[in-house]
Amino acid sequence: MTRLYNDPVNFVDEATAGFVAAHAQRVCQVPGGVIRSTRSEPGTVAVVIGGGSGHYPAFAGLVGQGLAHGAVMGNLFASPSAQQVYNVCKAANNGGGVLLSFGNYAGDVLHFGQARERLIREGIPCEIVAVIDDISSADREELHKRRGIAGDLTVFKVAAAAAEAGYSLEEVVRISRAANLRTRSMGVAFDGCTLPGADDALFHVPAGKMAVGLGIHGEPGISEQEIPTADALAELLVSHLLEEVPDGIETVRGARAAVLLNGLGAIKYEELFVVYRRVHALLEEAGIEIVEPEVGELVTSLDMAGASLTLFWLDDELERLWRAPADTPAYRKGSLNPAPPIDTAALDIPDADDIPAASQTSRDAARCIAQALRATREVIDANVDKLGKLDAIAGDGDHGIGMQRGAVAAAEAAEQALARGAGAGTLLRLAAEAWSDRAGGTSGAIWGVMLNALSLTLGDDAAPQAEHYARGVAKAKQDVMEFGKAQLGDKTLVDALVPFSDALSQRVAAGDDLASAWSSATQAAHTAAEETQALKPKLGRARPLAEKSLGTPDPGAVSLAMILDAVHRVIATAD
């Protein structure tokens with residue numbers, strides 16, 4: 001159980017405030033996360049890591065000299081928003097470009113990808129390395145689909161040590177990718193974790209059983225079995241990892257590897273040491289030279305009962321960077337000369353209060369858009385439980401609450417923007433940022449992308465016509481598919497968005513007014529959403545439970561169709 005909290009809604013904010021207060025000599029808080037409170041060498045690469053909260057010491061605990069320059073902190077088990085990523089990157093930037101690294105979850109891929117595009121547009125070089133160490137999450141032939149778990153640390157550590165040594169961004173990316181491809185992890189779980197304020201754990205493992213290959217959010221693994229002895233667990237983990245020796249390791253005997261035995265939150269250190277005793281012996285028997293192993297909590301999942309084993313196969317360069325000193329709140333190695341503190345007043349923090357001038361016709365359109373966002377909030381409020389139940393069939397059940405958080409935030413941001421004289425484009429941009437910030441996760445990223453696409457299309461000058469909205473929706477479709485990599489038939493929101501966009505463009509081109517065109521297109525979206533019942537998910541957390549989702553429509557497609565209905569009622573009234 002997570003026992004100590006006040007209002008669960010404020011748990012992450014209050015935990016962050018306490019963390020920064022306890023470690024002010026190493027970190028300081030910025031909008032969206034934390035950065036080093038000590039100076040870095042000007043012109044060097046900044047390594048920014050991140051993901052959902054609830055995994056301490058990942059990610060904030062790994063910020064400091066010799067390791068990350070900044071960490072972006074989303075809500076519990078929810079990816080941070082693109083705005084949060086952007087804010088932390090701007091504050092952490094040393095002038096040598098930015099490397100973004102995270103655990104290859106769908107929401108993170110979307111949000112960090114959007115932030116990267118924005119930084120590049122502003123002239124800040126930025127690259128991404130998504131960690132893929134979990135051997136249970138996809139076959140070896142599909143490495144790119146694997147998720148990041150405790151192996152995050154090896155990639156983060158090597159990248160940051162390279163940046164500290166003055167490597168260029170290109171070289172930091174090169175060595176980070178090398179570390180990524182040489183890292184393999186596997187986890188097990190005995191029971192799930194409990195979110196603050198929740199009555200029960202996110203999932204349970206049957207009594208007396210152990211889930212093999214379970215992910216850090218409860219993603220399904222590969223099997224269940226009786227709970228073994230500590231030695232038998234060590235043998236299981238080592239045997240699986242030795243079957244997955246990376247390319248480039250010609251023979252195990254004589255190879256060097258860093259070893260990480262990670263506790264997921266509820267396993268005591270003494271238990272881990274009992275397991276590591278056997279892990280160490282097995283690896284030595286295999287002829288592997290163990291280099292600076294780590295035993296403890298490295299990437300957790302609140303109070304989840306479980307553990308994971310990571311092997312990081314080294315070469316000379318990787319070993320030097322792995323051994324390099326670091327000093328962070330949760331991870332220390334070797335010794336460093338303390339760097340002087342930064343000047344927080346000089347940090348590059350984006351100004352969120354700037355409202356560009358807008359034409360009267362654009363401000364008039366903004367009022368209608370704000371009304372549409374209010375209607376969106378109302379329809380999601382009325383259906384939050386339904387959407388959550390749909391998502392729980394093959395996902396983690398948070399689609400309803402995530403959509404609700406996003407819709408509420410977007411509607412509130414729109415009202416504030418309207419009161420300050422914003423045009424249509426600016427109002428939509430602020431609503432997009434608010435939705436993405438508050439909702440987090442994949443749905444937050446997708447809705448941020450869609451609203452931002454409309455924002456860029458409408459702008460703050462012209463009076464939006466039906467063709468502007470059709471072009472904006474078409475751009476939203478294109479951007480969502482580009483960032484999220486989903487295609488028709490993957491059982492995602494895209495399966496409803498594509499027919500909606502295509503029908504809207506066709507009806508507008510045929511001369512229909514916006515209300516009529518939107519109505520026809522919305523019907524196409526509803527039909528397509530229902531037809532997702534026959535599909536199996538090919539992306540996201542529902543992918544491993546594909547069979548279970550048959551007969552149930554995709555929650556993202558269903559919520560999109562609901563919202564399109566609500567928006568149509570606003571458009572029809574306005575006309």
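The distance from the CG atom of L4 to the CZ atom of F11 is 8.5 Å, given to the nearest 0.5 Å. Atom CG of residue L311 and atom CD1 of residue I288 lie 6.0 Å apart, to the nearest 0.5 angstrom. Between the SG atom in C126 and the CD atom in E117 there is a gap of 9.0 Å [rounded to 0.5 Å]. Residue M403 holds its CE atom at 11.5 Å from CD1 of I401, rounded to the nearest 0.5 Å. Note that CD1 of I149 and CG of L309 are 9.5 Å apart. Values are rounded to the nearest 0.5 Å.
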*So R438 and Q404, side-chain hydrogen bond (donor to acceptor under 3.5 Å, both in side chains) or not? Walk me through it.*
CA-CA 9 Å; R438 185 68 181 128; Q404 186 180 49; over 6 Å; no
*Let me see the working for T44 and E41 under side-chain contact (heavy atoms from CB on, under 4.5 Å), right down to the final yes or no.*
CA-CA 6 Å; T44 56; E41 191 68 28; 3.6 Å; yes
*Could you walk me through whether R174 and E171 pass the salt bridge (Lys or Arg N to Asp or Glu O under 4.0 Å) test, one step at a time?*
CA-CA 5 Å; R174 174 190 62 79; E171 285 293 287; 2.9 Å; yes
*Might you work through the side-chain contact (heavy atoms from CB on, under 4.5 Å) test for V72 and I49, ending with a clear yes or no?*
CA-CA 6 Å; V72 196; I49 62 178; over 6 Å; no
_V131 vs S101, side-chain contact (heavy atoms from CB on, under 4.5 Å): CA-CA, chis, key distance, verdict_ = CA-CA 7 Å; V131 184; S101 195; 3.8 Å; yes
*V279 vs L282, side-chain contact (heavy atoms from CB on, under 4.5 Å): CA-CA, chis, key distance, verdict*: CA-CA 5 Å; V279 167; L282 289 167; 5.7 Å; no
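Looking at residues two or more places apart in sequence or on another chain, you find no side chain to side chain donor-acceptor pair (under 3.5 Å) involving D139. Here F102 pairs with F112 under the ring pair (Phe, Tyr, Trp, His ring centres under 6.0 Å) rule; sequence neighbours left out. Every salt bridge (Lys or Arg N to Asp or Glu O under 4.0 Å) that D348 has, sequence neighbours left out, goes to K90. In terms of the salt bridge (Lys or Arg N to Asp or Glu O under 4.0 Å) criterion, residue partners of R256 (sequence neighbours excluded) are, by chain and number, D316, E319. Checked against salt bridge (Lys or Arg N to Asp or Glu O under 4.0 Å), R177 has no partners two or more places apart in sequence or in another chain. In terms of the ring pair (Phe, Tyr, Trp, His ring centres under 6.0 Å) criterion, residue partners of H280 (sequence neighbours excluded) are, by chain and number, Y276. Here R184 pairs with E244 under the salt bridge (Lys or Arg N to Asp or Glu O under 4.0 Å) rule; sequence neighbours left out. The ring pair (Phe, Tyr, Trp, His ring centres under 6.0 Å) test applied to Y331 returns no partner, not counting sequence neighbours. Evaluation of the side chain to side chain donor-acceptor pair (under 3.5 Å) rule for S40 yields R36 as partners, not counting sequence neighbours.
The closest side-chain heavy-atom distance from V291 to R323 is below 4.5 Å. Contact of the V34 side chain with the C28 side chain is not registered, since no non-hydrogen atoms from C-beta on lie closer than 4.5 Å. Within the 4.5 Å cutoff, side-chain heavy atoms of H240 are placed close to those of I135. Proximity of F59 to D152: side-chain heavy atoms (C-beta onward) are separated by under 4.5 Å at one or more points. A 4.5 Å side-chain heavy-atom check between L387 and D385 finds every atom pair outside the cut-off. With a 4.5 Å cut-off on side-chain heavy atoms, T154 and W322 count as touching. No side-chain heavy atom of V27 sits under 4.5 Å from any side-chain heavy atom of I35. For the pair T442 and Y105, the minimum side-chain heavy-atom distance is 4.5 Å or more.
Between the side chain of R39 and the main chain of A339, no donor-acceptor pair closer than 3.5 Å is present. Side-chain atoms of D315 come within 3.5 Å of backbone atoms of L318 as a donor-acceptor pair (strictly under, hydrogens ignored). Between the side chain of S239 and the backbone N or O of L236, at least one donor-acceptor pair lies under 3.5 Å. Side chain of N180 to main chain of A130: a donor-acceptor pair is present (N/O by atom type, distance under 3.5 Å, no hydrogens or angles). No side-chain donor-acceptor contact under 3.5 Å links E433 to the backbone of Q83. Under a 3.5 Å cut-off, the side chain of S37 and the backbone N or O of A24 do form a donor-acceptor pair. Side-chain atoms of S176 do not come within 3.5 Å of backbone N or O of V129 as any donor-acceptor pair. The backbone N or O of Q84 sits less than 3.5 Å from a side-chain atom of S81, completing a donor-acceptor pair. Distance alone, capped at 3.5 Å, is enough to place a donor-acceptor pair between the N262 side chain and the L298 backbone. Proximity of a side-chain donor or acceptor of H69 to a complementary backbone N or O of A46 within less than 3.5 Å is not detected.
D134 has no carboxylate O lying under 4.0 Å from a charged side-chain N of R146, or vice versa, which leaves the two without a salt bridge.
Side-chain contact annotation: S185 with D133, donor-acceptor N/O pair under 3.5 Å present. Counting only N and O atoms by type, the side chains of R332 and Q65 include no donor and acceptor under 3.5 Å apart. Under 3.5 Å, the side chains of E122 and Y86 contain a donor-acceptor pair of N or O atoms.
When all heavy atoms of S79 and D108 are compared, the pair lying nearest together is CB-OD1, 2.8 Å. When all heavy atoms of T492 and A486 are compared, the closest pair comes out as OG1-CB, 3.6 Å. Across N87 and P31, no two heavy atoms sit closer than the pair CB-O, 3.1 Å. Between V274 and D231, the shortest heavy-atom distance links the atoms O-OD1, 4.5 Å. Nearest heavy-atom pair, V45 versus N94, reported as atom, atom and distance to 0.1 Å: O-ND2, 3.8 Å. The nearest pair of heavy atoms linking E317 to I175 is OE1-CD1, 3.2 Å.
Within the structure, side-chain hydrogen bond (donor to acceptor under 3.5 Å, both in side chains) pairs that include any residue of residues 14-24 comprise N6-E14 (at least two apart or interchain). Pairs passing the side-chain hydrogen bond (donor to acceptor under 3.5 Å, both in side chains) check and including a residue from residues 47-60, sequence neighbours excluded, read H55-H217.
Note on ring orientation: taking the six-membered ring where Trp is involved, the planes of W435 and W447 are parallel (angle under 30°, cut-offs 30° and 60°).
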Just list the side-chain donor-acceptor pairs under 3.5 Å for residues 192-213, sequence neighbours left out, or say none.
| from | atom 1 | to | atom 2 | distance (Å) |
| --- | --- | --- | --- | --- |
| D200 | OD1 | H204 | NE2 | 2.7 |
| D200 | OD2 | H204 | NE2 | 3.2 |
| H204 | ND1 | D191 | OD1 | 2.9 |
| K209 | NZ | E226 | OE2 | 3.0 |

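Other residues, nucleotides and ligands contribute only 12 or fewer heavy atoms inside 6.0 Å of the CG atom of N337.
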